[in-house]
Amino acid sequence: MTEVVFGVVPVLAAVLAGLFAGLFLAFSMAVMPGLARAGDRTMVEAMRGMNTAILNPLFALVFVGAPVAALGSTALFFAAGASASTVWSGAALVLMVATVVVTFAVNVPRNNALERAGAPARIQDPAAVRAAFEPVWVRWNHLRSLASVAALVCAVVALVTG
């Protein structure tokens with residue numbers, strides 16, 4: 001049983017790290033550049049829709065599951081005395097936790113501000129609402145993308161050195 005757990009948890013950690021990174025990277029590579037081409041009101045409305053749609057069980061599984069799996073993988077590598085894999089897996093965990101912290105410290109408050117702005121059709125100055133949201137949200141999402149891709153690399157290196 002131990003061999004099964006040891007084999008499954010690090011692989012699960014790497015897979016979830018890939019999904020975690022893919023989520024943020026998709027926003028950096030396609031979603032936000034696409035919305036940058038939209039009008040102010042359309043951009044606000046689309047982001048509000050995505051902010052609502054993303055709160056679902058699959059997102060929660062990836063967003064919470066990736067760091068939890070990285071923690072489990074790190075603990076297993078440590079218990080097995082696999083020091084190199086422990087370090088790589090621990091680095092993946094730290095990078096994911098940093099991504100979660102940025103999400104709650106920067107991106108979520110901006111998402112909430114969009115919600116507080118009210119129905120997009122009734123916003124008096126959608127350009128001002130967008131300007132308060134978009135540049136900072138995008139900049140920090142790029143950081144989340146880089147950190148989560150680095151976490152994926154670390155999780156894979158931990159897996160292959162373990």
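Quick caveat: nothing in here was measured; it's all calculated off a predicted structure.
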Across all chains, not counting sequence neighbours, the ring-ring contact (aromatic ring centres under 6.0 Å, His included) partners of F59 are F63
When Ile, Leu, Val, Met, Phe, Trp and Tyr are grouped by side-chain heavy atoms lying under 4.5 Å apart, directly or through other members, which residues fall in the same group as [X]?
{"X": "W88", "value": "V153, V157"}
{"X": "L58", "value": "L61"}
{"X": "L95", "value": "none"}
{"X": "V101", "value": "L71, L93, V97"}

What is the minimum heavy-atom distance between [X] and [Y], and which atoms define it?
{"X": "A70", "Y": "M96", "value": "CB-CE, 4.1 Å"}
{"X": "I123", "Y": "A117", "value": "CG1-O, 3.6 Å"}
{"X": "L159", "Y": "P10", "value": "CD1-CB, 3.6 Å"}
{"X": "P67", "Y": "V62", "value": "CD-O, 4.2 Å"}
{"X": "R48", "Y": "A119", "value": "NH1-N, 3.7 Å"}
{"X": "L152", "Y": "A14", "value": "CD1-O, 3.6 Å"}

Quick one: list whatever passes side chain to side chain donor-acceptor pair (under 3.5 Å) with [X], sequence neighbours left out.
{"X": "E45", "answer": "none"}
{"X": "S148", "answer": "none"}
{"X": "T42", "answer": "none"}
{"X": "T74", "answer": "S89"}

Among the clusters formed by ILVMFWY side chains lying less than 4.5 Å apart, do [X] and [Y] turn up in the same one?
{"X": "W137", "Y": "V44", "result": "yes"}
{"X": "V106", "Y": "L143", "result": "yes"}
{"X": "M43", "Y": "I54", "result": "yes"}
{"X": "V8", "Y": "V15", "result": "no"}
{"X": "V149", "Y": "V94", "result": "no"}

Check: residues 18-32 side-chain donor-acceptor pairs under 3.5 Å, at least two apart:
unit_1 : atom_1 : unit_2 : atom_2 : d
S28    : OG     : N141   : ND2    : 2.9
S28    : OG     : H142   : ND1    : 2.9
S28    : OG     : S145   : OG     : 2.8

For R110, all residues meeting salt bridge (charged side-chain N to carboxylate O under 4.0 Å, His left out), sequence neighbours excluded: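 Partners of R110 by the salt bridge (charged side-chain N to carboxylate O under 4.0 Å, His left out) criterion come out as none, since no residue qualifies.
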Going from [atom1] on [X] to [atom2] on [Y], what distance comes out if it is rounded to the nearest 0.5 angstrom?
{"X": "E115", "Y": "N51", "atom1": "CD", "atom2": "CG", "result": "8.0 Å"}
{"X": "R130", "Y": "L35", "atom1": "CZ", "atom2": "CG", "result": "7.5 Å"}
{"X": "N111", "Y": "F133", "atom1": "CG", "atom2": "CZ", "result": "5.0 Å"}
{"X": "M50", "Y": "L55", "atom1": "CE", "atom2": "CG", "result": "13.0 Å"}
{"X": "S83", "Y": "F78", "atom1": "OG", "atom2": "CZ", "result": "10.0 Å"}

Find out whether D40 and V129 are in side-chain contact, i.e. whether some heavy atom of one side chain is under 4.5 Å from a heavy atom of the other.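 No. Closest side-chain heavy atoms not under 4.5 Å.
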Checking R116 now: which residues fulfil side-chain contact (heavy atoms from CB on, under 4.5 Å) with it, not counting sequence neighbours?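 Partners of R116 by the side-chain contact (heavy atoms from CB on, under 4.5 Å) criterion, ordered by chain and then number, come out as N112, A113.
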